[in-house]
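Written below as structure tokens is the structure these notes are about.
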Number of protein chains: 2
Amino acid sequence: MADVKHFDPDTVLDTVVRLFWRQGVATTGIQDIVNATGLNRSSLYATFGGKQELYRAALERYVQDRSRFGRLEEDDRGLPAITEFFTGLIETRCTGEFAQWGCMISNAHAGTENGDPAVRAILDRQHQGLRTALHTALLSAQRQGQLADEADPAAAADVLALLAHGVNLRSRAGADAQQLHRTIAAAIAAVAPRA
Amino acid sequence: MADVKHFDPDTVLDTVVRLFWRQGVATTGIQDIVNATGLNRSSLYATFGGKQELYRAALERYVQDRSRFGRLEEDDRGLPAITEFFTGLIETRCTGEFAQWGCMISNAHAGTENGDPAVRAILDRQHQGLRTALHTALLSAQRQGQLADEADPAAAADVLALLAHGVNLRSRAGADAQQLHRTIAAAIAAVAPRA
DNA sequence: ACTATCTTGAAACGAACGTTCCAAGATGAC
DNA sequence: GTCATCTTGGAACGTTCGTTTCAAGATAGT
């Protein structure tokens, strides 16, 4: 009955994610998106709606594709799982394709993006998810005797979840990976029993 | 010989700080600044230069006026000084005039602002300053027997400095002050000797 | 092959952007 | 009071913003 899209919306959305992730929503114009995707404005608006809706979709996509605490939650090794999570995080933030891009979620916290209730809901959901994943991993660690007697898994999870934002921000400004690794290692060591 | 300014540049800059702090540089227009300050565009450009130079000046002013770790550095009580620093930080971030504004420095990390080397230099300087202040306070704590034997003041300072960014980000998205207080208390308690 | 239906290209929209310009106004030195 | 000098008001600059519009093009069902 009708024509079909001449492009793959999933591929396009992935390209858009990278634009918003690196440059932020305020400093990324529709023209930038047209240039990067090769799409026409008509196709863009017909498929995704306006800029704000496109940003929301991109943020959801970012969460689905780039969030790594799902693995953490299923990893029952305890502290090594947490260490691995942060090690991977820092490497992603400091080297390779996404070096100095920060985290799209952390970035959204700092911008005017979070004025949109739908965006703020994503930020909260993501933070709670990370807290829960860390809490689960810490309980697992506790069960395996990897935690000091006085350590509080819930409180430690909150501390580490906040710390992740610090890593994301500082890495975007070019912080040294080694330095971040050392700091996170110290934070994790703080809940372990004395050597 | 000549006319004199009909306004106080210091007062104007303070107003500009609040605009950039709350809304960010990308989403704050020159028109917003004209409206908020009552200045004419001519006076604005003649006094401060363009938007980017104005932002840099505002960021420097923010650091001078709002940075609180100077007090921390001169406070030799040890852990209580650190607790007080974070307590005040969280209150400023969550209640009163600046509630949910976050920290202008943290916000700058997440935006395109940090592409400007002059801006990034301010961010680095500020982070190092906070690390040093915390380190000094922790050494003071250690001298007074407030630290566990195995605690590493330098590493703990790094952890707490990163944590501050977490507080700044999450508070901007409306995080609960009590929750933040509890988390920070746990992080500080982690370096204290077992009760 | 016809046609209904969706997609695409390209131009255009008004509004807002940061910046510049210049005449008019205000000031202090002489 | 005069004059040189800086400041101010306000219009205007060209660009870019996000969005809309519509004719031309492409497709799948009949």
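What you see is a predicted model; the values in this text were computed from it and never measured. Values below: all heavy atoms of this structure, side chains included; hydrogens, waters and symmetry mates excluded. Proteins come first, then strands; the chains are lettered A, B, ... in the order of their sequence lines, and each starts at number 1.
- For the pair B:Leu54 CG and C:dT19 P, the interatomic distance rounds to 10 Å; values are reported in whole Å.
- Note: NZ (A:Lys51) to P (C:dA15) measures 19 Å, nearest angstrom.
- One can place CD1 of A:Ile30 at 6 Å from C1' of D:dG18, the figure rounded to the nearest angstrom.
- In this view, B:Gln144 and B:Ser140, B:Gln146 satisfy the side-chain contact (heavy atoms from CB on, under 4.5 Å) rule, not counting sequence neighbours.
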Task: Contact letters for nucleotides 20-30 of chain C, in which S counts primed atoms plus P, OP1 and OP2 and B counts the base, heavy atoms under 4.0 Å - done: BB---BBBBS-
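- Taking the six-membered ring where the residue is Trp, B:His127 and B:His165 present parallel rings, their angle staying beneath 30° rather than reaching 60°.
- Spacing between atom CG of A:Leu39 and atom P of D:dT19 amounts to 16 Å, rounded to whole angstrom units.
- Distance from the side chain of B:Lys5 is smallest for D:dT8 among the nucleotides D:dT8, C:dT8, C:dG18.
- Going from atom CG of A:Leu138 over to atom CD1 of A:Ile82 covers 3.5 Å, rounded to the nearest 0.5 Å.
- If you measure from atom CG of B:Asn35 to atom P of C:dA16, you get 11 Å, rounded to the nearest angstrom.
- Against DNA chain C, the stretch residues 21-29 of chain B makes heavy-atom approaches under 4.0 Å through B:Thr28, B:Gly29.
- For the pair A:Gln31 CD and C:dG9 C1', the interatomic distance rounds to 13 Å; values are reported in whole Å.
- Here the options are A:Asp32, A:Thr37, A:Leu39, the test is side-chain contact (heavy atoms from CB on, under 4.5 Å), and the partner is A:Val16; only A:Thr37 passes.
- Between A:Asn168 and A:Arg172 the shortest side-chain heavy-atom distance does not fall below 4.5 Å.
- Using a 3.5 Å distance cut-off with no hydrogens or angles, the side chains of A:Glu73 and A:Thr132 do not pair a donor with an acceptor.
- At the phosphate of D:dT7, neither OP1 nor OP2 sits under 4.0 Å from any side-chain N or O atom of B:Ser43.
- Side-chain contact annotation: B:Arg41 with B:Gln31, donor-acceptor N/O pair under 3.5 Å present.
- Side-chain contact of B:Gln128 with B:Arg131: a donor-acceptor pair under 3.5 Å is present, judged by distance alone.
- Atom CG of A:Leu180 sits about 6.0 Å away from atom CG of B:Leu162, to the nearest 0.5 Å.
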